[in-house]
Amino acid sequence: MKIAVVGTGYVGLVAGACLADLGNEVICVDVDEKKIAALRQGKIPIYEPGLEELVAKNAREKRIFFTVDSAKAIRESRIIFIAVGTPQGKDGSADLKHVFQVAETIGRNANEPKIVVDKSTVPVGTSRKVRELIMKHSKHNVEVVSNPEFLREGSAVRDFMEPDRVVIGATSEEAGKAIYDLYRPLECGILVTTPESAELIKYASNAFLATKISFINEIANLSELVGADINEVAKGMGLDVRIGKHFLNAGCGYGGSCFPKDVQAIQKIAKDKNYPLEIVEATEKVNARQKLVPVQKLNKEFSSLKGKKIVLLGLAFKPNTDDMREASSIEIANALVKQGAAVVAVDPIARENAKKILKGIAYSDSVYEAAKGADAIVLVTEWNEFLELDFEKIAKEMKSKIIVDGRNVYDREKLISLGFKYYGIGR
Ligand code: UGA
């Protein structure tokens, strides 16, 4: 099948590479000439495990191509994926200008019947609007299918290839079937719905996952007050299959390019219908508070943070990504800098992106170097390399042995036995 994927961000590039790997001929389109030139040389603009190898393999086997010529890509393809960004508008809603631009281009260049697949996260009703816009300009019938993406940064390739489910929102049976056939090799549950349901499934799923995190974070804060251990509480809750064990890790809040944006967007969708989503509102509020919990712990420990050397382990919003968007480290670093602390951060991948956002902090390549003379260590992002540290060595380097474990990943008893004062989240 000949497929065009418009937009080479996380979603577009991963979808393009994976669809090529499933045997399709994929042409990836972007307006950014530099990005396309780099992609043609095999340079991947994002850090995503496995993606570079997948693109290289499919480029070698002549199944994936890159171009800035969207008109040509559209003309040559039967199926066109829209995977452009939907940044947050001023009022919290998704900004659809890129989606609509692509729709217009498709309409102007459709030289035969086509199927358009909307993979961008868009408000309910957008699929129909996209079709209307395309048909304003097209002489041929173009069907639009909503196919939300559920991949996670850091495991995006695996999430695409081994999904929990694929959702296809279609009004045309024929178009729905064509997209169904595209995903059939994945051998997963495929749910066919209306476009409206598909669009809402995406927002509702992200809002629910974010709510699960904020819920467990509230219970973590309560655990501390009543002397319970949130790791035990979450384990006990998660054993109930109706609750499930995933996404019950308490910590210093969620970040990223999706949860914060989608939690706001779904509230906007509801508000427009005069229906406030009170649980989702609370999710957002709890998360904003939770990001600063590590700083509150330091404030309990030190009467003033002025001049104190605080080491931040991890800056990316989660491990295995260089993405700093809405990362908890931003709030934490800013609050510490404001209170006069000397912040030194260590992150294996996100440092360059962090430098564009964080002001007034220093960086180090080595946790052991950074720990020299430090007053406290705060684990913000649970990168693998931070899980197996030699804390005996670190203890010798630090001025005061304080550790704030913002993701509850360390063995508390072991650290205490090494003379550390340990602060977790909810334990
Ligand atoms: C999220 C969803 O998990 C994907 O299904 C979805 O496709 C994607 O958004 C999207 O809409 O594009 P992602 O933002 O890549 O994926 O990251 P997650 O792994 O979901 O983590 C989000 C945040 O939640 C991170 O900051 C992480 O540290 C935090 N988190 C996650 C917790 O604090 N506790 C948990 O138990 C799980």
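Computed from a predicted model, the values in this text were never measured in an experiment.
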Taking atom [atom1] of [X] as the centre, does the number of heavy atoms from other residues, nucleotides or ligands within less than 6.0 Å exceed 12?
| X | atom1 | answer |
| --- | --- | --- |
| Arg40 | CZ | yes |
| Lys129 | NZ | no |
| Asp240 | CG | yes |
| Lys268 | NZ | yes |

Query - Test side chain to side chain contact (heavy atoms under 4.5 Å, CB included) applied to Val102 and Ser70, step by step - result: CA-CA 9 Å; Val102 177; Ser70 51; over 6 Å; no
Looking only at heavy atoms, which two atoms of [X] and [Y] are closest? And how far apart?
| X | Y | result |
| --- | --- | --- |
| Thr381 | Phe386 | O-CD1, 3.4 Å |
| Leu292 | Ala335 | CD2-CB, 3.8 Å |
| Asn109 | Arg75 | O-CG, 3.3 Å |
| Ser329 | Leu358 | O-CD2, 4.4 Å |
| Asp405 | Arg427 | OD2-NH1, 4.1 Å |
| Arg128 | Pro195 | NH2-CD, 4.1 Å |

Could you grab the distance from atom [atom1] of [X] to atom [atom2] of [Y], nearest 0.5 Å is fine?
| X | Y | atom1 | atom2 | answer |
| --- | --- | --- | --- | --- |
| Arg78 | Glu112 | CZ | CD | 7.5 Å |
| Leu96 | Thr126 | CG | OG1 | 5.0 Å |
| Asp365 | Asp347 | CG | CG | 11.0 Å |
| Ile402 | Phe302 | CD1 | CZ | 5.0 Å |
| Asn217 | Ile219 | CG | CD1 | 10.0 Å |

What residue among [options] forms side-chain contact (heavy atoms from CB on, under 4.5 Å) with [X]?
| X | options | answer |
| --- | --- | --- |
| Val6 | Val84, Ile82, Thr105 | Val84 |
| Phe66 | Val29, Ile27, Leu13, Val26 | Leu13 |
| Ser172 | Glu143, Lys177, Arg131 | Glu143 |

Requested in this report: Evaluate the criterion side chain to side chain contact (heavy atoms under 4.5 Å, CB included) for residue pair Met324 and Lys356; output intermediate values, then yes/no.
Outcome: CA-CA 10 Å; Met324 282 293 295; Lys356 295 176 206 153; over 6 Å; no
Keeping the roles fixed (side chain from [X], backbone from [Y]), state whether a donor-acceptor pair exists under 3.5 Å.
| X | Y | result |
| --- | --- | --- |
| Glu48 | Ala156 | yes |
| Asn287 | Gly253 | no |
| Glu218 | Ser214 | no |
| Ser77 | Ile80 | no |
| Lys359 | Val337 | no |

Exercise: do [X] and [Y] side chains pair donor with acceptor under 3.5 Å:
| X | Y | value |
| --- | --- | --- |
| Ser93 | Asp91 | yes |
| Ser205 | Arg165 | yes |
| Ser127 | Glu199 | yes |
| Glu301 | Tyr423 | yes |
| Asn147 | Tyr183 | yes |
| Asn249 | Glu382 | no |

Query raised in the report: Could you go step by step and tell me if Ile216 and Met237 meet the side chain to side chain contact (heavy atoms under 4.5 Å, CB included) rule?
Result: CA-CA 10 Å; Ile216 205 66; Met237 287 169 63; 4.0 Å; yes
Report task. Give the C-alpha distance, both sets of side-chain angles, the deciding distance and a yes or no for side chain to side chain contact (heavy atoms under 4.5 Å, CB included) between Ser257 and Glu153. Result -> CA-CA 9 Å; Ser257 64; Glu153 289 182 21; 3.2 Å; yes
Query - Qualifying residue, where the test is side chain to side chain donor-acceptor pair (under 3.5 Å) with Asn58 and the options are Glu53, Arg63, Glu25 - result: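 For Asn58, the side chain to side chain donor-acceptor pair (under 3.5 Å) check succeeds only for Arg63.
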Donor-acceptor pairs under 3.5 angstrom involving side-chain atoms of residues 185-194: please list them, not counting sequence neighbours.
{"residue": "Thr193", "atom": "OG1", "partner": "Ala198", "partner atom": "N", "Å": "3.4"}
{"residue": "Thr194", "atom": "OG1", "partner": "Ser197", "partner atom": "N", "Å": "3.1"}
{"residue": "Thr194", "atom": "OG1", "partner": "Ser197", "partner atom": "OG", "Å": "3.0"}

Requested in this report: Over 60° means perpendicular and under 30° means parallel, so classify the ring planes of Trp383 and Tyr47, tilted if in between.
Outcome: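 If you compare the ring of Tyr47 with that of Trp383, the planes turn out tilted.
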